[in-house]
Amino acid sequence: MALIVQKYGGTSVANPERIRNVARRVARYKAMGHQVVVVVSAMSGETNRLIALAKEIMPDPDPRELDVMLSTGEQVTIGMTALALSELGIKAKSYTGAQVRILTDDAHTKARILDIDQHNLKKDLDDGYVCVVAGFQGVDANGNITTLGRGGSDTTGVALAAALGADECQIYTDVDGVYTTDPRVVPEARRLEKITFEEMLELASQGSKVLQIRSVEFAGKYKVKLRVLSSFEEEGDGTLITFEENEGNMEDPIISGIAFNRDEAKVTVAGVPDKPGIAYQILGPVADANIDVDMIIQNVGADGTTDFTFTVHKNEMNKALSILRDKVQGHIQAREISGDDKIAKVSVVGVGMRSHVGIASQMFRTLAEEGINIQMISTSEIKIAVVIEEKYMELAVRVLHKAFALDDA
Ligand code: ADP
Ligand code: ASP
Ligand code: MG
């Protein structure tokens, strides 16, 4: 007997028939003698619909109230899933995040899980129930409903698996595993049988939406056995996220995958005096406003001034611009503050990069041959990321996928 956490994403619970399908799979696992915790997302499109509704009332919705609205999407699907299980004669009980007590911090719309009370779930599991838990939501220390950021049900699934000491966490979605890149953009993409945790972390952080980054962080920290599978197929091993790396086999690909992200925007502070403390004076107020900064570059001009550029989430570009214009520009005597949200980031990822040189130059050459200009570059031991004009993103991903021999033969 094993304890298994199964997470089903929005397309997998998009209508009653698919929810019945989820229930049938859960029933099969129960019949094998396993204990099962099910985590569900809202029906696909529902979270977007709720955000749009909130914006009709208030263009920049108050985050506490937005979370109250967003959490309803998952509340519907837990009830439906528990009903579908009951219809199959399986004892099931639904739980909202607050009912489990998934305790989070109070950063509404992007809260982090601090603690999970596994007491009630354990008792129900021991009594033969399937526990159906709402993904994406929790509650802060004061009882306010919080949500975990887009794609956050993955994190609920993995965090529950960690808290319960589950034998495996299965993420069921609309593709049958993790691919070399998004198969919707590059039809030639290949499914990976396995991928290292470190690579998955990098792909997720660079924008591969198949797993939310925090779910991968949890899996790494608590060594959760994590697998991505299709909810539309009966069989298949999906992709296992492994903790061991292969012994640098010559046959192994150097690049494992390509990620892309159109969610970032570029903010440039031009013509600032090139002197100590400037980076802090620019980024300090941005961090104080709880805005995450990703890439950063600083160019040195010949006249003793410098241009400072960084990227933030598109949704936060205007907030970052107004903070800089109101609180920073006059103070540091910057010539101009500007934003550009027509950018995209494309990243190649692979642990094989550690032992190979020339990956960056191959990447840059491939992009140059297509006339694609690189605006920013950032590297880590296993990743090279570039910012380019958004309209070239899909082209860039396709040519790089081919250049690094990832295309399905
Ligand atoms: P869910 O609603 O099940 O959480 P998501 O839409 O969040 O599903 O994630 C699955 C989607 O992730 C796929 O449909 C695919 O378009 C996209 N995706 C992006 N990168 C990859 C990748 N490397 N491998 C597989 N899918 C990917
Ligand atoms: N429903 C949430 C979203 O659409 C959470 C999730 O699907 O993981 O982002
Ligand atoms: Mg998702």
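Note that the coordinates shown come from a computational prediction; the quantities given were computed from them, not determined experimentally.
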query: Going by an N to O cut-off under 4.0 Å, is there a salt bridge joining Arg184 and Asp174?
result: yes
- prompt: Charged N to carboxylate O below 4.0 Å: is that the case for Glu370 and Arg398?
  reply: no
task: Measure up the His34 and Tyr29 rings against each other and bin them: parallel (under 30°), tilted (30 to 60°), perpendicular (over 60°).
output: tilted
field: SB check Lys55 Asp60 (cutoff 4.0 Å)
entry: no
message: One thing to verify: whether Glu264 and Lys314 come together as a salt bridge, which I'm taking to mean a side-chain N less than 4.0 angstrom from a carboxylate O.
response: no
message: So, using side-chain contact (heavy atoms from CB on, under 4.5 Å) as the criterion, who are the partners of Ala111 when residues are at least two apart?
response: Thr104, Asp105, Thr146, Leu148
task: Assess whether side-chain contact (heavy atoms from CB on, under 4.5 Å) is satisfied between Leu406 and Ile258, documenting all intermediate values.
output: CA-CA 9 Å; Leu406 296 173; Ile258 301 179; 4.0 Å; yes
message: Between Arg150 and Asp263, does any side-chain N to carboxylate O distance fall below 4.0 Å?
response: no
message: For Gln375 and Lys266, which I'm curious about, is there any donor-acceptor pair between the side chains at under 3.5 Å?
response: yes
task: Decide, yes or no, whether a salt bridge links Asp167 with Lys225 under the criterion of side-chain N to carboxylate O below 4.0 Å.
output: no
Lys110 to Glu316 - nearest heavy-atom pair and separation: NZ-OE2, 3.5 Å
- prompt: Sequence neighbours excluded, which residues qualify as salt bridge (charged side-chain N to carboxylate O under 4.0 Å, His left out) partners of Glu56?
  reply: none
